[in-house]
Amino acid sequence: MDAEPHAPVSPAVRDGITSPSEHARLDRLHAVRPGIHWDRLLFSAKRSAYKACSSSAPRVLHFEDAGITFSPGTGTFAAHLAGEAFVLTGRRHVCDGILLTATAFPADPPPGQTITSAASRSATVS
């Protein structure tokens, strides 16, 4: 089911997209599931989170603005965005050397979570 993608991400690229804590988590994930290039999935998951939030973010998001945590056994991930009180959840899939990630901005966020709009207004959902 999980297939080895063609080439690993270079250390320079990996260091440019990961925080020290993500780097440590990637090392642990590689030990648990070595057939997956978790650094590529991290890059894709961050892009998925940025694109989901692009219309409502008050500023341009960068790689350091999102922390990604993968759950290797469930095929899911969580994206923690800097300065935001909510967490995006997403799915990941690896098959035949193709890596896929997807997440969506919640239309109806859970009660008590704050969402910052493009106009920099905050609304707490009750």
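These figures come from a predicted structure and were not determined experimentally.
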Practice item. Check the pair Arg92 / Leu100 against side chain to side chain contact (heavy atoms under 4.5 Å, CB included), numbers first and verdict last. Key: CA-CA 6 Å; Arg92 63 124 181 125; Leu100 302 169; over 6 Å; no

Revision key, fill the gap. So CG of Leu88 and CG of Leu81: to nearest 0.5 Å the spacing works out to 5.5 Å

Revision key, fill the gap. Rounded to the nearest 0.5 Å, the CG atom of Leu42 sits from the OG atom of Ser19 at a distance of 8.0 Å

Practice item. List the steps and the verdict of side chain to side chain contact (heavy atoms under 4.5 Å, CB included) for Thr103 and Phe77. Key: CA-CA 9 Å; Thr103 189; Phe77 65 89; 4.2 Å; yes

Point to revise | Backbone of Leu26 reached by a side-chain donor or acceptor of Trp38 within 3.5 Å | key: no

Check your understanding: Got a donor-acceptor contact below 3.5 angstrom from the Arg25 side chain to the Phe70 backbone?
Key -> no

Point to revise | Contacts of Ala78 that satisfy side-chain contact (heavy atoms from CB on, under 4.5 Å) - sequence neighbours left out | key: His80, Val87

Practice item. Only counting residues at least two apart or in another chain, list the ones meeting side-chain hydrogen bond (donor to acceptor under 3.5 Å, both in side chains) with Ser48. Key: Thr101

Exercise for review: For the pair Lys46 (side chain) and Gly67 (backbone), establish whether a donor and an acceptor sit closer than 3.5 Å, ignoring hydrogens and angles.
Suggested key: no

Check your understanding: Checking side chain to side chain contact (heavy atoms under 4.5 Å, CB included) for the pair Thr18/Asp39: CA distance, chi angles, key distance, verdict?
Key -> CA-CA 8 Å; Thr18 60; Asp39 43 4; 5.7 Å; no

Check your understanding: With sequence neighbours excluded, what pairs up with Thr76 under the side-chain contact (heavy atoms from CB on, under 4.5 Å) test?
Key -> Ser71, Thr74, Arg91

Review point. How would you list, by chain and number, every residue that makes a side-chain hydrogen bond (donor to acceptor under 3.5 Å, both in side chains) with Thr69, sequence neighbours excluded?
Key: none

Check your understanding: If you measure from OG on Ser44 to CD1 on Ile68, what distance do you get to the nearest 0.5 Å?
Key -> 9.5 Å

